[in-house]
Engineer: 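Structure incoming, see below.
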Amino acid sequence: MPETILIAIAWPYANSDIHVGNITGSHLPGDICARYHRLRGRKVLMVSGSDAHGTAITIKADQKGVSPMEVYQHYHPRFIELFTKLGISYDLFTSTHTANHFDIAQKIFIVLKENGYLITNISKQWYSKTQKRFLPDRYVEGTCYYCGNEDARSDQCEQCGHVLEAEKLVSPRSKLDGSTPELRETEHYYLDLSGLEPKIKTFLQERESYWRPLVINQSLGMINTTGLKPTPITRDLDWGIPVPLEGWEGKCLYVWFEAVMGYLSAAIEWCDLNGNRDAWRDWWLNPESKCFYYIGKDNITFHAVTWPAELLGIRDGLDRKLGSPDSKALVLPYNIPANEFMNLEGRKISGSQNWAVWGLDALERYDPDALRYYLTVAMPETRDTDWDWEDFFQRNNNELVATWGNLVNRVLSFTYKHWEGIIPAPEKLRESDLILLQTIGGGFEKVGQLLEKVELRGALAEAMALATEVNKYLDMHGPWFEIKTDRKEAEKTIYTAIQAIAWLSVMLSPFLPFTSQAVHEILDLGEPLFQEPQVEEVQDELGSHQILLTRRTESDSERSDRWLPNKLVPGRKFKQPYPLFKKLDHKIVEEERDRLGAKS
RNA sequence: GGCGAGGUAGCUCAAUGGUGGAGCAGUGGACUCAUAAGCCAUUGGUUCUGGGUUCAAAUCCCAGCCUCGCCA
């Protein structure tokens, strides 16, 4: 039985397009790891989806004068388009607005209630008589009771920075129509997981040795100081998942509570779509299964403390509700390699000020692997990083094009010219050839170890350093001299170099899937490296929604370990080579900088 | 205000008590298969600041400054 790996990626809010910070923060690192583990022949399931609910969406809808559904339906397909073009290889990218997700989230709510983790509480909230509904905090403005600022939000005053208690706000007014709201009592469910604190502490301590310092220390700090406090999980909203209880009409599950369950519901949906619903248990109920969560640092304690506590609180309840006779408990996170933030040209990325590099827009002008390369070398693994167009330009031209792209092109072009595109069959290889092959072949081990630890920058740097080794080797032998004096010597050099390139293209394929596949095809190495997802439209009681789906057959899931230095067969003809990457003109730096902050 | 992470060469980052390194940029050189790419050599540092411990501190301790996140 191959190792099972769940790659869970934070669900993006469907109220804005995705920018480079979102990509490098979670989608790209998740994809790189998923591709690596697939090459190892492991059973990988990579899931995420659009977070369609919550006030982030309703506010956008009110601004635009459209329904929340329309907001979600605008952004969701754009996410899917971006992932397709950028090669983010989801097994399933779905949404929280599906019948399946509603069902799972409601079942989990009931399970937590049955297991004794839910309590109810009555509080006062602002109610709009004109709109006949409760107003979320972000919909109410008024005068700050600390500093007198007349335009304070009801939850926080921007001017003095104080956090405000909404009901104490002076002269409140509705952001929707300016009318004066009144305080009304309302009852809500709260999740109380405080009893699970000791178990969470143990869970964290067991993982202390290999988690990123930021993640483990912040989580331990949180459990040791604040702890797990009762938190509301329902709201007076009509856009979302209804509370599945009689007498609770008009109330929905709080978005933070239900969206995270997408990691579960999406796994179940994928298995359904592949015709084996019970298969989700392989990833979620098998104690050997490893669950990786790719998130940004703003989400750490939620994923490392609250979510594991929920999973513990659910126990075997979900499996039981889904009809399993021998129900099992859910698997806790194996690793949560949270990334820090990516800034842009020295400033925080801000969508509203258009201080952003948008994924879809950047793909209009740059190749996906060029973007993926820069987003990996500048990935905020240990501290905040900066997207800098000059740096992007330099890295693309001096590293990606010069070191790797040029290596492939110089060797294959030379071979094409002198051997008519047939990989030469060398006589006995020399000591130096064997040493190079040993060095490059050893990269599978070295790069692989770094990928296992989710040190992606380091892994890519290691692979690139190996490409430099091949360049050095070529200069040492100079096949362009050898061919003039002793063709057989040149054949040894060229065979060795092509072998090294074939291996490097596999090693680089998690990072650069498009160009690695191109090398794979030029060398005519057979089956594609990866199966890429397709866009599909599916129907349920809530309507139709687009998904990004990879359907896997039995043979796909039984592919062997390909993260190995497999021997290249000489004497085979390959295709006409071409440059893998585009060298950029320096003028793009100014052009791109001029775009920043501009009104679209 | 509390918790946590980070601050090292122009840039991106290594270095967990033992002579501060690498890649890129810069500079010089020989070469020409290749996208004027590659290769060789080389300049460059008050390790945020101030104290302390130690034979020895980027590293350990104390205080402060700056950036970021979470919570209040």
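Keep in mind that the numbers below use all heavy atoms, side chains included, and drop hydrogens, waters and symmetry copies. Note on naming: letters A, B, ... go to the chains in the order of the sequence lines (proteins, then strands), and numbering restarts at 1 for each one.
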Engineer: Once salt bridge (Lys or Arg N to Asp or Glu O under 4.0 Å) is applied, do any residues pair with A/Lys60, and if so which ones, sequence neighbours excluded?
Structural biologist: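 By the salt bridge (Lys or Arg N to Asp or Glu O under 4.0 Å) rule, A/Lys60 matches no residue at all.
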Engineer: Checking base pairs now: Watson-Crick or wobble, both atom distances under 3.5 Å. What partners B/U59?
Structural biologist: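 Across all strands, not a single nucleotide pairs with B/U59.
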Engineer: With a 4.5 Å limit on heavy-atom distance, are the side chains of A/Arg372 and A/Pro513 in contact?
Structural biologist: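 Answer yes - side chains close enough.
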Engineer: Look through every strand shown and name the nucleotide pairing with B/C3 as Watson-Crick or G-U wobble, where both distances are under 3.5 Å.
Structural biologist: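 Its partner is B/G69.
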Engineer: Can you name the salt bridge (Lys or Arg N to Asp or Glu O under 4.0 Å) partners of A/Arg395, sequence neighbours left out?
Structural biologist: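 A/Arg395: salt bridge (Lys or Arg N to Asp or Glu O under 4.0 Å) contacts with A/Asp391, A/Glu399.
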Engineer: Going by the rule side chain to side chain donor-acceptor pair (under 3.5 Å), which residues pair with A/Glu310 if we only count those two or more places apart in sequence or in a different chain?
Structural biologist: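 Side chain to side chain donor-acceptor pair (under 3.5 Å) list for A/Glu310, sorted by chain: empty.
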Engineer: Does anything in residues 419-432 of chain A reach RNA chain B, meaning a heavy atom under 4.0 Å, and if so which residues?
Structural biologist: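 RNA chain B contact set from residues 419-432 of chain A: none.
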Engineer: Pick the P atom in B/U12 and in B/A25, then give their distance to the nearest Å.
Structural biologist: 15 Å
Engineer: What integer distance in Å separates A/Ile216:CD1 from B/G4:P?
Structural biologist: 13 Å
Engineer: Closer than 4.0 Å, any side-chain N/O of A/Lys472 to the OP1 or OP2 of B/C40?
Structural biologist: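 Checking A/Lys472 against B/C40: at least one side-chain N or O falls below 4.0 Å of OP1 or OP2.
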Engineer: So, using ring pair (Phe, Tyr, Trp, His ring centres under 6.0 Å) as the criterion, who are the partners of A/His188 when residues are at least two apart?
Structural biologist: none
Engineer: Partners of A/Phe393 by ring pair (Phe, Tyr, Trp, His ring centres under 6.0 Å), sequence neighbours excluded?
Structural biologist: A/His586
Engineer: State the pairing partner of B/A14; accept Watson-Crick or G-U wobble contacts with both distances under 3.5 Å, and report none otherwise.
Structural biologist: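 Because no pair has both required distances under 3.5 Å, B/A14 counts as unpaired.
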Engineer: Would you measure the distance from the P atom in B/A36 across to the matching atom in B/C11 and give it in whole Å?
Structural biologist: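 Per the computed distance, 29 Å lies between those P atoms.
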Engineer: Does B/G26 pair with anything, Watson-Crick or G-U wobble, both distances under 3.5 Å, and if so, with which nucleotide?
Structural biologist: B/U42
Engineer: Please report the distance separating the P of B/G20 from the corresponding atom of B/U67, rounded so that it comes out in whole Å.
Structural biologist: 31 Å
Engineer: Which part of the nucleic acid does A/Pro579 contact within heavy-atom distance under 4.0 Å: base, sugar-phosphate only, or nothing?
Structural biologist: base
Engineer: What protein N or O atoms touch nucleotides 13-15 of chain B N or O atoms at under 3.5 angstrom, if any, and at what distances?
Structural biologist:
from  : atom 1 : to       : atom 2 : distance (Å)
B/A14 : OP2    : A/Arg383 : NH2    : 3.0

Engineer: Distances for protein N/O vs nucleotides 23-31 of chain B N/O pairs under 3.5 angstrom?
Structural biologist:
none

Engineer: Using heavy-atom distances to pick each residue's nearest nucleotide on RNA chain B, tell me which of A/Lys484 and A/Leu407 is more 5'.
Structural biologist: A/Lys484
Engineer: Using atom CG of A/Asn397 as one end and atom C1' of B/A36 as the other, report the distance to the nearest whole Å.
Structural biologist: 12 Å
Engineer: If I pick the P atom on B/U8 and the same atom on B/U47, what distance separates them, to the nearest angstrom?
Structural biologist: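 Per the computed distance, 12 Å lies between those P atoms.
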Engineer: Measure the distance from CG on A/Asn217 to P on B/G69 and round it to the nearest whole Å.
Structural biologist: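 From A/Asn217 CG to B/G69 P: 19 Å.
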Engineer: Round to a whole Å and report the spacing from CG of A/Asp298 to P of B/C71.
Structural biologist: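 After rounding, the reported distance stands at 9 Å.
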Engineer: Using atom P of each nucleotide, how far apart are B/U46 and B/A58 to the nearest Å?
Structural biologist: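 Going atom to atom, P in each nucleotide, I get 13 Å.
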Engineer: If you only use heavy atoms from C-beta on, which nucleotide in B/G38, B/G69, B/A34 is closest to the side chain of A/Asn471?
Structural biologist: B/G38
Engineer: Ring pair (Phe, Tyr, Trp, His ring centres under 6.0 Å) with A/Phe134: which residues, sequence neighbours excluded?
Structural biologist: A/Tyr127
Engineer: How far does CH2 of A/Trp307 sit from CG of A/Leu312, to the nearest 0.5 angstrom?
Structural biologist: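 Spacing of CH2 (A/Trp307) from CG (A/Leu312) equals 11.0 Å.
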Engineer: Please give the distance between the C1' atoms of B/G17 and B/A22 as a whole number of Å.
Structural biologist: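 23 Å, rounded to whole Å.
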Engineer: What integer distance in Å separates A/Asn406:CG from B/U35:P?
Structural biologist: 7 Å
Engineer: Given B/A34, B/C68, B/A5, which nucleotide is nearest the side-chain atoms of A/Ser413?
Structural biologist: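 Nearest nucleotide to the side chain: B/A34.
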Engineer: Is A/Lys348 positioned over the aromatic face of A/Phe341, cation under 6.0 angstrom from the ring centre and no more than 45 degrees off axis?
Structural biologist: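 The answer is no, since A/Lys348 fails at least one limit relative to A/Phe341.
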Engineer: Who are the ring pair (Phe, Tyr, Trp, His ring centres under 6.0 Å) partners of A/Trp387, not counting sequence neighbours?
Structural biologist: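 Only A/Tyr374, A/Trp389, A/Phe392 meet the ring pair (Phe, Tyr, Trp, His ring centres under 6.0 Å) criterion with A/Trp387.
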Engineer: Taking B/G18 as the reference, what is the distance to B/A9 when you measure between their C1' atoms (whole Å, please)?
Structural biologist: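 Nearest-Å result for B/A9 against B/G18 at atom C1': 23 Å.
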Engineer: So if I take every side-chain heavy atom of A/Gln218 and compare against B/C70, B/U35, B/C68, which nucleotide ends up nearest?
Structural biologist: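 My answer, after comparing the listed nucleotides, is B/C70.
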Engineer: So, is A/Lys297 close to the B/A5 phosphate, meaning a side-chain N or O under 4.0 Å from OP1 or OP2?
Structural biologist: no
Engineer: Step by step, would you call A/Ile119 with A/Tyr189 a side-chain contact (heavy atoms from CB on, under 4.5 Å)?
Structural biologist: CA-CA 6 Å; A/Ile119 53 177; A/Tyr189 270 97; over 6 Å; no
Engineer: Roughly how many Å is it from CG in A/Leu220 to P in B/G69, rounded to a whole number?
Structural biologist: 22 Å
Engineer: The criterion is side chain to side chain donor-acceptor pair (under 3.5 Å); which residues satisfy it with A/Asp386, sequence neighbours excluded?
Structural biologist: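 Scan of A/Asp386 (side chain to side chain donor-acceptor pair (under 3.5 Å), adjacent residues dropped) gives none.
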Engineer: Taking any strand in view, what nucleotide pairs with B/U35 in a Watson-Crick or G-U wobble way, both distances under 3.5 Å?
Structural biologist: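 Per the H-bond distance test, none.
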Engineer: Please report the distance, rounded to the nearest Å, between NE2 in A/His477 and P in B/A34.
Structural biologist: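 So the NE2-P distance, A/His477 to B/A34, works out to 20 Å.
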Engineer: So, taking the atom named CD in A/Glu197 and the one named CG in A/Asn224, what distance separates them when rounded to the nearest 0.5 Å?
Structural biologist: 9.0 Å
Engineer: Measure CG/A/Asn224 against C1'/B/C3 and give the value in whole Å, please.
Structural biologist: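 For the pair A/Asn224 CG and B/C3 C1', the rounded distance is 10 Å.
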Engineer: Given B/A36, is OP1 or OP2 found less than 4.0 Å from the side-chain N or O atoms of A/Lys583?
Structural biologist: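 Indeed not, no polar side-chain atom of A/Lys583 lies that close.
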Engineer: Between B/U27 and B/G44, how far is it from one P atom to the other, in whole Å?
Structural biologist: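 One P to the other, the span is 16 Å.
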Engineer: State which residues pass salt bridge (Lys or Arg N to Asp or Glu O under 4.0 Å) with A/Arg365; sequence neighbours excluded, sorted by chain then number.
Structural biologist: A/Asp361, A/Glu592
